[in-house]
Amino acid sequence: MAHALELARRGLYSTDPNPRVGCVLVRDGAIVGEGWHQRAGGPHAEVHALHQAGASARGATAYVTLEPCCHHGLTPPCSEALISAGVVRVVVAMEDPNPLVSGKGLQSMRAAGMEVLSGVLAAQAEQLNIGFVRRMHHGLPWVRCKLAMSLDGRTAMASGESRWITGAAARADVQRLRARSSAILTGVDTVLADDPSLTVRLEQLADPRQPLRVVLDSHLRMPPTARMLDLPGRTLILTGSHDAQRAAMLTRPRVRVLTLPVAGSRLDLAAVLRCLGEQGMNEVHVEAGPTLSGALLQAGLLDELVVYVAPHLMGDAARGLFVLPGMQRMEQRIGLKISDIRAVGDDWRITATVA
């Protein structure tokens with residue numbers, strides 16, 4: 001199963017909105033076939049493994065990181081493929097949280113006389129597909145916020161200058177975070193200040209999948225000349241404005257403007273995430289300024305923080321990591337659980353979930 005999980009990780013950047021899945025077929029103590037889900041719309045992991053195994057699949061055990069599907073989607077049911085190939089035993093890491101499957105695949109294989117075991121390395125399998133699991137259970141994406149700061153917790157000089165806080169290795173690491181995400185979310189203030197591209201640029205991916213770029217723009221201040229509007233991939237501008245003329249100026253073949261509810265003077269952030277969940281977004285990667293990042297954090301809508309810490313000091317006049325108004329007492333602190341700390345080049349990367 002550990003090997004099947006390693007295979008599943010090969011689809012980290014390409015299977016969205018589908019889950020990452022690996023499969024290993026073993027017969028008489030030897031691997032006879034293996035595969036992983038390589039791209040949404042393509043054959044599933046079990047199909048690749050069965051194709052490699054051929055006739056050797058008969059009498060084999062299949063180790064699969066996610067319950068084999070039992071419904072007709074873009075591809076035929078994998079549970080039926082395993083049954084037809086003569087696989088006699090199936091070991092599954094976790095049940096599929098998709099209501100269309102959710103135990104039905106296991107049930108169909110048991111009904112066919114196969115031995116079925118579930119729950120092997122389940123926690124690792126769920127972590128690999130944490131956004132897919134969240135969306136299936138709650139209709140919301142997993143929200144990961146990337147931040148870069150100096151050792152004294154500053155993200156930009158008082159003048160606004162912020163390039164570059166971290167080194168080249170950390171910036172390359174951020175590209176990998178972008179590449180695994182369904183969407184990259186920012187605020188219009190970041191667009192106005194930096195005119196970012198928010199694209200994936202990974203040397204190991206010749207033609208990377210470009211996540212949906214999402215800009216929160218309550219009053220449609222987005223300039224029609226913004227660089228991202230004409231780059232490969234799609235851009236979604238979420239606004240509270242009903243200015244059709246202004247929206248038309250921003251619209252392109254791959255650019256959509258959508259009006260959502262507002263809360264006070266800004267977009268309803270919970271409605272934003274519900275909207276992204278409805279559009280099949282599993283993991284949302286946030287690259288925004290301290291105001292939007294702080295608002296998401298205070299609203300309880302951030303699940304994970306990835307903070308790159310650079311070995312320098314920027315002074316007390318520089319800008320902080322979050323804008324968190326109203327926090328005055330220790331009891332108002334926002335708790336975090338650090339899951340990983342490691343060096344990335346000359347910088348340190350701290351990964352933490354919000355308690």
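For clarity, every value in this text was computed on a predicted model and none was experimentally measured.
Atom OG of S56 is separated from atom CG of L50 by 11.5 Å, given to the nearest 0.5 angstrom. Atom CG of L236 sits about 4.0 Å away from atom CG of L238, to the nearest 0.5 Å. Separating the CE atom in M1 from the CG atom in L7 is a distance of 11.5 Å, to the nearest 0.5 Å.
For D243 and S241, the side-chain atoms include no donor-acceptor pair closer than 3.5 Å. In this model, a donor atom of one side chain and an acceptor atom of the other lie less than 3.5 Å apart for T199 and R201. No side-chain donor from either of T166 and D347 sits under 3.5 Å from a side-chain acceptor of the other. With 3.5 Å as the limit, one finds no donor-acceptor pair spanning the side chains of H48 and E46.
For R252, the salt bridge (Lys or Arg N to Asp or Glu O under 4.0 Å) criterion is met by D230, not counting sequence neighbours.
Taking the centre and axis of the six-membered ring of W36, the NZ or CZ atom of R20 falls outside the cone set by 45° and 6.0 Å.
Using a 4.0 Å cut-off between charged nitrogen and carboxylate oxygen, D96 and K104 do not count as a salt-bridge pair. Looking at D173 and R349, a side-chain N of the basic residue comes within less than 4.0 Å of a carboxylate O on the acidic one, giving a salt bridge.
Identified under the side-chain hydrogen bond (donor to acceptor under 3.5 Å, both in side chains) test for residues 317-331, with sequence neighbours left out: R329-E331.
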